[in-house]
Amino acid sequence: MNISAEQITPVRIVGGGLAGCEAAWQAAQMGARVLLCEMRPLRGTEAHLTDGLAELVCSNSFRSDDRERNAVGLLHEEMRRADSLILRAADQNSLPAGGALAVDRDNFSRAVTRALEDHPRIEIRREEILALPDTCAIVATGPLTSQPLAHSIRALTGEDSLAFFDAIAPVVHKDSIDFSVAWFQSRYDKPGPAGSGADYINLPLDEAQYITFVEALIAGEKTSFKEWESSTPYFEGCLPIEVMAARGRETLRFGPMKPVGLSDPRSGRRPHAVVQLRQDNALGTLWNMVGFQTKLKHGEQTRIFRTIPGLQEARFARLGGLHRNIFLNSPRLLDSTLRLRSHSHIRFAGQITGVEGYVESAAIGLLAGRFSAAEILGVGILPPPVTTALGALLGHITGGARPETFQPMNVNFGLFPELTDGTRGRDKKQALAKRALADLDGWLEQFHPGDTEQNSSVVPISGSQPSPQRSPQ
Ligand SMILES: Cc1cc2nc3c(=O)[nH]c(=O)nc-3n(C[C@H](O)[C@H](O)[C@H](O)COP(=O)(O)OP(=O)(O)OC[C@H]3O[C@@H](n4cnc5c(N)ncnc54)[C@H](O)[C@@H]3O)c2cc1C
């Protein structure tokens, strides 16, 4: 007996932001019924200003659209190929912005809202969800998840599972560190549970370099706290580096820059101060500056941190920051298809999973929507290959990142496995992008785009033609 779409339990999606909207679209396009619950306008957040779905809370940019040299541009292209509603609405409402994809935020939000309202398999409900549902659901409530739901998530997943304040330290690409200066060593050569005794990258500063560095931190231009952030106190354990520096000239030397237990192999002596970097991903391509969370402006971070010996040519996969942000310890809690390991009827998507940015949030929504629909419709699907931007991002949050140091992350080429042919330098990104798109096309084939039954259930966005394929910038 054939079961019609109406008889199948709907995928319930909590949160109509970038991730929730993309998840709703993808699940409905696969043939599932969707119930999308958004709390605005009944209850607002500190950052949203409208009742539109997929509201952009700050910048109107989806960042670089260069699919050959920029990982987020590559992610755009992969999402276009996977019929992303967010990318389609962005392309249709784009504004001139050089190589970036920027949008008219109101028209963008309206286009997404209309497409979902017009979809025959999607019902939109304006309702605040106060506790985790006990039926199949995707939670995509973002960095400003309402308090009752945040408490419900924490009650189910454990006290230390959910971060409320995001203290981000910069992350450096290992291949941009000068190893004629840097060396590997753990403090006192301690191996630790899974270590070798040489688990950290160390960068030495002499006294003059240290004093100049501390003065630069204190003088550096900082970003101001938003009004609603300033009422959230700092935790002593994650003070911004410049706040520590301002407490006294020696504070950092007794804190994150302490040199004890370390000796510089070039001199055989203990340096005056040391910056330590800890491995940040399983591939070992990205390294986190330990204790360097900061409110310095991004340009200032790059300028000041490049004065650290060994980092003069550093490329940063992520710069530091500190703001209110609710996110899960996904590497510990989620399985490879974004389900809570302990309660597999609940899936998470968007920024709450520990990705950072509009595009990344929507990308995880795209995957969550497809995984949930496949499950409800009884179709088996494979996760995207780790060589794709979608797969690299998913792999990072569900296993590649270390649970102990997990912090939100933008997509970047450091998350991709190395090329097997050893291509390096300027050609490397293009080669990674080419491999990604070829592998993505292979992954998408499992959804049988040529299958007439599936195609007949696919709904075009109302009043629109598919956007022309953008050429690489
Ligand atoms: C202040 C701020 C500024 C940011 N600026 C940028 C930026 O400039 N560029 C960038 O790329 N990224 C930015 N981000 C990061 C992030 O990419 C965005 O927050 C992005 O919108 C995340 O998408 P999302 O779908 O996960 O969450 P959101 O887009 O926030 O969507 C979550 C939705 O869930 C709803 N909701 C919450 N709780 C409930 C509940 N209990 N029941 C029902 N609905 C609920 C909310 O109203 C919201 O509509 C910013 C984040 C913040 C907090």
Side-chain angles (χ1 to χ4, degrees), residues 12-25 35-64 72 75-76 85-86 90 100-103 105 108-109 112-113 116 124-133 137-153 163-166 168 223-229 232 298 318 321-328 330 338 348-369 393 397 408-411:
R12 179 192 272 237
I13 299 178
V14 188
L18 278 302
C21 290
E22 185 65 57
W25 177 258
L35 174 60
L36 176 62
C37 301
E38 166 55 50
M39 68 177 182
R40 288 174 294 119
L42 306 174
R43 180 178 291 278
T45 77
E46 303 96 316
H48 291 84
L49 299 173
T50 74
D51 61 3
L53 300 179
E55 177 182 335
L56 303 180
V57 286
C58 188
S59 139
N60 67 334
S61 173
F62 284 24
R63 318 203 306 279
S64 171
V72 78
L75 187 56
H76 292 172
L85 172 62
I86 293 297
L101 174 59
V103 303
R105 66 178 72 240
F108 165 78
S109 166
V112 173
T113 307
L116 296 180
I124 301 171
R125 234 180 249 173
R126 301 292 180 158
E127 178 187 0
E128 181 186 3
I129 303 300
L130 302 173
L132 283 174
I138 298 174
V139 178
T141 43
L144 305 170
T145 297
S146 72
Q147 289 292 346
L149 183 60
H151 288 307
S152 163
I153 296 170
F164 283 85
F165 213 100
D166 187 3
I168 306 179
T223 51
S224 53
F225 264 109
K226 300 244 179 353
E227 203 181 310
W228 44 271
E229 285 178 320
T232 311
H298 281 182
R318 181 182 77 197
L322 202 68
H323 61 94
R324 198 166 93 76
N325 184 11
I326 291 177
F327 65 94
L328 284 173
S330 296
L338 300 160
F348 283 88
Q351 177 112 352
I352 198 169
T353 63
V355 292
E356 176 85 24
Y358 300 145
V359 186
E360 289 85 343
S361 298
I364 296 300
L366 183 154
L367 294 174
L393 200 55
I397 59 172
M409 179 62 97
N410 284 125
V411 68

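Counting starts at 1 for both ligands and their atoms, following the listed order. Values below: all heavy atoms of this structure, side chains included; hydrogens, waters and symmetry mates excluded.
- Taking a cut-off of under 4.0 Å to the non-hydrogen atoms of His48, the atoms of ligand 1 that pass are 30 (O), 48 (C), 49 (O).
- With respect to Glu356 and Arg318, no salt bridge is recorded, no charged nitrogen being found less than 4.0 Å from a carboxylate O.
- Within a 6.0 Å radius of CZ in Arg126, other residues, nucleotides and ligands contribute more than 12 heavy atoms.
- Distances between N or O atoms of Met39 and those of ligand 1 include at least one value under 3.5 Å.
- Only the side chain of Val14 comes within contact range of ligand 1, with a heavy atom under 4.0 Å; no backbone atom does.
- Residue contacts with ligand 1 for Ser146 involve both N, CA, C or O and side-chain atoms from C-beta outward (heavy atoms, distance under 4.0 Å).
- Considering both main-chain and side-chain atoms, Tyr358 comes within under 3.5 Å of ligand 1 through a nitrogen or oxygen pair.
- For Ser361, every heavy-atom contact with ligand 1 shorter than 4.0 Å involves the side chain, none the backbone.
- Backbone and side-chain nitrogen or oxygen atoms of Arg40 are examined, and one is located within less than 3.5 angstrom of a nitrogen or oxygen of ligand 1.
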Apply side chain to side chain contact (heavy atoms under 4.5 Å, CB included) to the pair Val72 and Asn410, showing each step before the final yes or no. CA-CA 8 Å; Val72 78; Asn410 284 125; over 6 Å; no
Going through the distances and angles, do Leu367 and Leu393 end up as a side chain to side chain contact (heavy atoms under 4.5 Å, CB included)? CA-CA 11 Å; Leu367 294 174; Leu393 200 55; over 6 Å; no
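- Taking only nitrogen or oxygen atoms, main chain and side chain alike, Ala19 reaches within less than 3.5 Å of ligand 1.
- In summary, the atoms of ligand 1 found under 4.0 Å from a heavy atom of Gly350, numbered by their order in the structure, are 26 (O).
- The aromatic ring centres of Phe62 and Phe108 sit less than 6.0 Å apart.
- Taking distance alone, with nitrogen or oxygen atoms compared against 3.5 Å, Gly357 approaches ligand 1 more closely than that limit.
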Does Arg40 form a side chain to side chain contact (heavy atoms under 4.5 Å, CB included) with Thr50? I'd like the steps, not just the answer. CA-CA 8 Å; Arg40 288 174 294 119; Thr50 74; 4.0 Å; yes
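- Residue Arg43 places no heavy atom under 4.0 Å from ligand 1.
- For the atom pair CD1 (Ile124) and SG (Cys21), the distance works out to 7.5 Å, reported to the nearest 0.5 Å.
- Here the shortest heavy-atom pairing between Thr113 and Leu53 reads OG1-N, 3.2 Å.
- Side-chain contact between Val112 and Glu22: absent, with no pair of heavy atoms (C-beta onward) separated by less than 4.5 Å.
- By the criterion of a heavy-atom distance under 4.0 Å, the backbone of Ala140, and not its side chain, is placed next to ligand 1.
- Residues Glu128 and Leu42 form no side-chain contact, since every pair of their non-hydrogen atoms from C-beta on lies 4.5 Å or further apart.
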Could you walk me through whether Thr145 and Val139 satisfy the side chain to side chain contact (heavy atoms under 4.5 Å, CB included) test, starting with their C-alpha distance in whole Å, then the side-chain angles of each, then the deciding distance to 0.1 Å, before giving a yes or no? CA-CA 10 Å; Thr145 297; Val139 178; over 6 Å; no
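- Looking at Ala349 next to ligand 1, no N or O pair under 3.5 Å apart turns up.
- The shortest N/O to N/O separation between Glu38 and ligand 1 falls below 3.5 Å.
- Residue Leu18 touches ligand 1 through backbone and side chain together, judged by heavy-atom distances below 4.0 Å.
- When only interatomic distances are considered, the shortest N/O to N/O separation between Arg63 and ligand 1 does not fall below 3.5 Å.
- Heavy atoms of Thr141 found under 4.0 angstrom from ligand 1 belong to the backbone as well as the side chain.
- Looking at Pro148 against ligand 1, nothing comes within 4.0 Å, counting heavy atoms.
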